[in-house]
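First the structure, which I've put down as structure tokens, then a few questions once you've had a look.
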Amino acid sequence: MTYVVTISATYGAGGSVIGPAVAERLGVPFLDRAIPGAVARQIGCSLEDALEHDDRAATGFERLLASAARLPTVTLGSVDSTFLGATDDQGRLLYDEEFVEKTEQVIGEVAASGGVILGRAAAAVLSEHGTALHVRLDGSKDRRLAQAVKMRESAREEALIRGDDREAAGAAWHPPTMRDLEDNDRARAAYVRRFYRVDPASLSLYHLIIDSTVIGPSACVDVIERLARERAGEPDGGSGIAPEERETG
């Protein structure tokens, strides 16, 4: 079986927690931080340049946020001067569309062999994929912010256990704020709208939408795993119970 799951997650919705857990359950790779590295290798540019064009990376987030205010003036195929500057290993100037094209290529390769993909408008890229499961994780702003604070604190505690005092100090220095949440939501939406002309919150993009601020991570993983197996054509969604063994009446 080839399992393919795309996860679109708003800030604080827990995509970075739920995604890896789903991948582990299905026995497939989780694709998040590995995507910019693969894009950099294919284009022949630095990882730093790839990260600056990635919707999940901090530097890419800053650029997307800067462009979000200009979205109404952006047209397909246009070049935004604030997004120039990256070059390949031969010194050729690279444009945003090239990074998006290579990102789509990486996503397509993952879809061929199986994987869980977080962000990068993967639901739009794989909208015609016959067995992929497209998931949206969301929730109210207040609950997402509260959850983001908890996740940040958990990350800080893990860093302390590892002895990574620098990372722990960074997490403690800047706890998430409502402005962080709104900026992240706007920047990630900008990527989808700019390159795919769709609203990332559109119901038509997804098979499953979960309020992951009221449904716990374990339950979210259970549901996503079951539906991913069903979409892949696994009998009975992989429950292990044959149809004739189900209780009837």
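Bear in mind that the values here come from a model prediction, so they are computed numbers and not experimental data.
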- Quick one: do T131 and T2 satisfy side chain to side chain contact (heavy atoms under 4.5 Å, CB included)? Show the steps, please. CA-CA 9 Å; T131 61; T2 300; 5.9 Å; no
- Where the side chain of H207 meets the backbone of L133, is there a donor-acceptor pair that is under 3.5 Å apart? no
- Query: Are R120 and I107 close enough, and set up right, to give a side chain to side chain contact (heavy atoms under 4.5 Å, CB included), and what steps lead you there?
  - Reply: CA-CA 9 Å; R120 284 90 182 180; I107 290 173; 3.9 Å; yes
- Message: Salt bridge or not between D185 and K141? Use side-chain N to carboxylate O under 4.0 Å.
- Response: no
- Can you tell me how far OG of S8 sits from CG of L118, rounded to the nearest 0.5 angstrom? 8.5 Å
- Query: Do you reckon I210 sits in the same ILVMFWY cluster as L145, going by side-chain contacts under 4.5 Å, direct or chained?
  - Reply: no
- Message: Test your reading of the model: is there a side-chain donor-acceptor pair from R231 to the backbone of G130, 3.5 Å cut-off?
- Response: yes
- Apply the test side chain to side chain contact (heavy atoms under 4.5 Å, CB included) to residues T103 and Y191: give CA-CA distance (whole Å), side-chain angles for both, the deciding distance (0.1 Å), then the verdict. CA-CA 12 Å; T103 299; Y191 181 93; 4.1 Å; yes
- Query: What distance separates S218 OG from D222 CG, expressed to the nearest 0.5 Å?
  - Reply: 4.5 Å
- Task: Show your reasoning for whether side chain to side chain contact (heavy atoms under 4.5 Å, CB included) applies to T177 and D180.
- Result: CA-CA 5 Å; T177 66; D180 292 328; 3.2 Å; yes
- Any idea which heavy atoms bring A13 and I18 closest together, and the distance?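 What the structure gives for the nearest pair is O-CD1, 4.2 Å.
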- Would M1 and F30 show up in the same hydrophobic cluster when neighbours are defined by side-chain heavy atoms closer than 4.5 Å?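 Yes.
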- Query: If you measure from CD on E230 to CG on L227, what distance do you get to the nearest 0.5 Å?
  - Reply: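 Atom-to-atom, E230:CD and L227:CG are 6.0 Å apart.
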- Item | Nearest heavy-atom neighbours spanning L137 and S212 |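 Answer, listing the atom of L137 first, then S212: CB-OG, 3.7 Å.
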- Identify whether V116 and I215 are in the same connected component of the hydrophobic contact network (ILVMFWY, side-chain heavy atoms under 4.5 Å). yes
- Query: Would a 4.5 Å heavy-atom cut-off, applied to side chains only, mark L126 and T6 as touching?
  - Reply: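 In short, these two side chains touch, coming nearer than 4.5 Å.
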- Message: For M151 versus V17, what's the shortest heavy-atom pair and its separation?
- Response: SD-CG2, 3.9 Å
- Item | Shortest non-hydrogen contact from P29 toward G114 |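 Scanning both residues, the minimum pair turns out to be CD-O, 3.5 Å.
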- Note on the structure: Distance col, row L208:CG vs R136:CZ, nearest 0.5 angstrom, shows 12.5 Å
- T213 side chain to D211 side chain, donor-acceptor N/O pair below 3.5 angstrom: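 Yes, because at least one side-chain N or O of T213 sits under 3.5 Å from a partner of the opposite role on D211.
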- Message: Would you say L181 ends up clustered with I7 if hydrophobic residues are merged whenever their side chains have heavy atoms under 4.5 Å apart, either directly or through other cluster members?
- Response: no
- Message: Here's one to test your reading of the geometry: is the NZ or CZ of R144 within 45 degrees of the ring axis of Y11 and under 6.0 Å from its centre?
- Response: no
- Query: What's the shortest heavy-atom distance between V198 and R193, and which atoms?
  - Reply: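 Shortest heavy-atom contact: O-CG, 3.3 Å.
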- Lys/Arg-Asp/Glu bridge criterion (N-O < 4.0 Å) met for R229, E225: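 Counted as a salt bridge, because a side-chain N and a carboxylate O are separated by less than 4.0 Å.
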- Task: For T10 and G139, work out which heavy atoms get closest and say how close.
- Result: OG1-N, 4.5 Å
